[in-house]
2 protein chains.
Amino acid sequence: MSQPPKQSADHPVPTSTDVARLAGVSRATVSYVLNNTSAVRISEPTRRRVREAAEELGYVPHAAARSLRAGHSRMVLLPTSHVPVGPLYSRFLNEVQWALRALDYTVVQYGSLGLGADEAARAWAELRPVAVLSLGEIALSAHGVQVLKRSGAKAVITLGPQRVEGAHALVMDQRAIGSAAARHLLERGRRAIGVVVPAEPGLELFSRPRLAGVRRTVTTAGEASGARVEPLTMAYDEESAARLAAGWGALGLDAVYAYNDEYAQLLMRALQDAGVDVPGECAVVGADDLLLGKLLRPRLSTVHIELPTGREIAELVDRVVRDPDGEVERHDLMAAHTVPRESS
Amino acid sequence: MSQPPKQSADHPVPTSTDVARLAGVSRATVSYVLNNTSAVRISEPTRRRVREAAEELGYVPHAAARSLRAGHSRMVLLPTSHVPVGPLYSRFLNEVQWALRALDYTVVQYGSLGLGADEAARAWAELRPVAVLSLGEIALSAHGVQVLKRSGAKAVITLGPQRVEGAHALVMDQRAIGSAAARHLLERGRRAIGVVVPAEPGLELFSRPRLAGVRRTVTTAGEASGARVEPLTMAYDEESAARLAAGWGALGLDAVYAYNDEYAQLLMRALQDAGVDVPGECAVVGADDLLLGKLLRPRLSTVHIELPTGREIAELVDRVVRDPDGEVERHDLMAAHTVPRESS
DNA sequence: TTGAAAGCGGTACCAT
DNA sequence: ATGGTACCGCTTTCAA
């Protein structure tokens with residue numbers, strides 16, 4: 001009693017051995033009963049005794065020990081970044097979780113903040129997940145994929161702007177978004193298109209392809225028209241937006257595609273405060289089709305993104321897990337279409 | 001070759017035994033080298049051979065096996081719900097992750113969608129985390145806490161509106177937010193205060209105390225003034241807001257506290273569209289002090305919430321893990337103060 | 001300086 | 001219908 005805190009030496013976590021002892025049976029029997037092993041017949045009285053013993057001790061099986069023995073787990077790793085990823089993706093991510101749970105997978109989000117691609121992959125591999133579903137915000141190198149596969153991952157799936165060697169890729173080509181916005185603006189007769197590129201680090205994976213999409217469309221369709229594209233770096237705060245708006249006249253732009261609806265809202269407000277008429281002098285288009293766009297005045301034109309459903313993703317994961325050596329299917333999804341409202 | 005897919009029988013995951021064999025040493029030596037065990041001296045040539053063998057095989061240690069042997073892990077479980085929890089909490093949550101990683105904890109977000117309080121606790125317990133940090137959106141019962149502690153969790157910490165028996169509680173009393181809003185509105189001379197209660201399930205844990213806070217302040221301070229409180233259920237979509245705004249006249253309210261800035265934005269827009277003058281006929285106050293509030297016209301008054309920093313939380317976790325039997329400290333944090341702008 | 005072996009908590013084969 | 005036991009991958013005494 002006078003000794004320092006005995007740690008939890010007095011708090012022994014109950015194991016199946018404890019349950020067996022209390023029930024007066026072997027560990028094997030405990031295992032059979034608690035797992036309802038059908039290949040083996042256990043008498044009803046015994047079952048009851050085991051169950052009661054487990055209950056009384058508050059026994060909870062040790063997942064690590066179990067999967068160590070089994071040689072595999074049903075853990076799907078969902079790496080998360082520190083990037084504020086916006087409401088659209090948050091909802092999508094939750095959908096995926098739901099759907100995976102429904103297929104009896106254990107979903108674990110593992111934050112690998114501040115780790116490089118290869119360190120991160122190694123950290124994930126230590127957990128021996130059966131599948132890794134990278135949402136694309138996360139760096140994943142060809143080498144990383146190899147490490148994961150060697151560590152037993154049946155499925156390594158990237159869901160993002162770019163393919164990764166060796167992984168199943170659900171390519172969500174963010175360029176489609178920029179393209180849709182640009183096409184819309186060109187149709188409206190705009191010729192000098194600004195593109196807001198968020199200053200926030202981590203968003204480049206999204207913003208760069210979106211910008212590239214605008215460029216592609218403008219150079220392709222707009223060649224004869226002499227249209228041009230102007231990248232505009234802007235942080236998600238008022239000063240940055242105000243600064244950009246203050247120098248607006250000098251830019252000579254008649255339209256801007258503002259990355260997403262939130263950045264669009266910020267910039268549109270700054271433009272209005274600076275006396276720039278929207279859409280008269282400058283059209284504004286956002287993306288993601290958030291509710292807030294409809295609440296703004298003028299109502300914000302936006303690019304609606306058609307994400308795959310959580311169930312589709314979950315089923316793909318399941319399919320690949322079951323047949324890892326199947327064809328590495330390449331999916332191109334992410335339909336994007338413009339929702340014209342009043343700001344353009 | 002004619003047999004069905006041999007699973008990954010041809011893809012044996014390398015173990016420390018494989019490394020040992022390739023390096024021509026024992027498993028023990030491999031462990032010593034790769035963990036830099038200081039209590040033991042291994043010759044430089046041997047170290048090199050081991051390292052090279054590990055590298056060549058792409059060996060990655062098995063976290064589960066390791067912590068099984070060690071008898072403990074450094075996993076902090078962060079249960080996540082399906083509730084769209086808003087930008088403020090997302091940022092906070094990421095901060096906590098950062099800070100915990102910095103203290104060398106492995107942060108795992110585990111979604112227990114669709115599970116009851118006790119089932120969830122059991123599922124968490126199977127992972128044998130050293131700590132569970134429940135963000136309060138999640139149900140956690142007294143029994144659940146007991147299960148977790150019995151399973152070896154040193155720290156079970158709830159961070160939310162209500163205490164849970166047996167757990168360390170960082171009570172973030174959401175009522176303070178409602179109180180701040182009410183006090184502000186009363187000071188401005190408003191007497192009939194509507195309180196928006198989100199229809200979305202899962203938000204009750206936040207919305208109910210916020211409403212209670214308004215009630216408390218109004219009945220206390222406003223007794224003599226004959227002020228009243230009117231709860232208003234509203235979903236986060238335009239129709240619901242429009243419906244509410246359409247019947248506004250009949251409600252006879254001169255102020256509304258709208259749960260948070262996003263709901264406030266939605267309602268304020270609906271009110272304006274319905275011809276209700278803000279703040280003339282009706283004052284509007286939000287909460288969370290989001291950027292969007294400054295962008296609205298009129299600028300949205302809001303309640304700013306002072307959350308603890310991620311580092312504070314992480315250090316608390318660490319402290320409790322080190323000394324689980326220490327005093328169960330009770331913290332009351334969450335300072336809330338009004339940021340008056342133009343809408344009230 | 002290195003190796004043999006025990007053991008962490010389960011599961012499943014093979015006896016009994 | 002049950003029990004004995006080997007083994008999953010790794011760490012850590014204890015000996016050599």
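Note: hydrogens, waters and symmetry copies are ignored here, and every other heavy atom, side chains too, is used. Chain letters run A, B, ... following the sequence lines, proteins first, then strands; residues in each count from 1. Predicted, not measured: the structure shown is a model, and the values here were computed from it.
The backbone N or O of B:Leu57 sits less than 3.5 Å from a side-chain atom of A:Arg150, completing a donor-acceptor pair. Between the side chain of A:Glu119 and the main chain of A:Gly116, a donor-acceptor pair closer than 3.5 Å is present.
The nearest whole Å value for the distance from the CG atom in A:Leu34 to the C1' atom in C:dG9 is 13 Å. The CZ-C1' distance, from A:Arg21 to D:dG3, rounds to 16 Å in whole Å. Atom NE2 in B:His72 sits roughly 19 Å away from atom P in C:dG7 (whole-Å rounding). Look at CG on B:Leu68: it is 9 Å from C1' on C:dG7, rounded to the nearest Å. Atom-to-atom, CG of A:Leu127 to P of D:dC10 comes out at 13 Å; the value is rounded to the nearest Å.
The pair B:Asp323-B:Arg319 does not meet the salt-bridge criterion, since no charged nitrogen lies less than 4.0 angstrom from a carboxylate oxygen. A:Arg122 has no carboxylate O lying under 4.0 Å from a charged side-chain N of A:Asp118, or vice versa, which leaves the two without a salt bridge. A salt bridge links B:Glu52 with B:Arg48: the closest approach of a Lys/Arg side-chain nitrogen to an acidic carboxylate oxygen falls below 4.0 angstrom. By the 4.0 Å N-to-carboxylate-O rule, B:Arg51 lies too far from B:Glu55 to be salt-bridged with it.
One axis for each end of the helix from C:dT1-D:dA16 to C:dT16-D:dA1, each built from five base pairs, and the angle between them comes to 50° at 10° resolution.
Note on A:Ser67: nothing from the nucleic acid sits closer than 4.0 angstrom, heavy atoms only.
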Contact state string [nucleotides 10-15 of chain C, B base, S sugar-phosphate only, - no protein heavy atom under 4.0 Å]: BBBB--
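B:Val132 pairs with exactly one of B:Ile157, B:Val145, B:Leu148 by the side-chain contact (heavy atoms from CB on, under 4.5 Å) rule, that one being B:Leu148.
More than 12 heavy atoms of other shown residues, nucleotides or ligands fall within 6.0 angstrom of atom CZ in B:Arg47.
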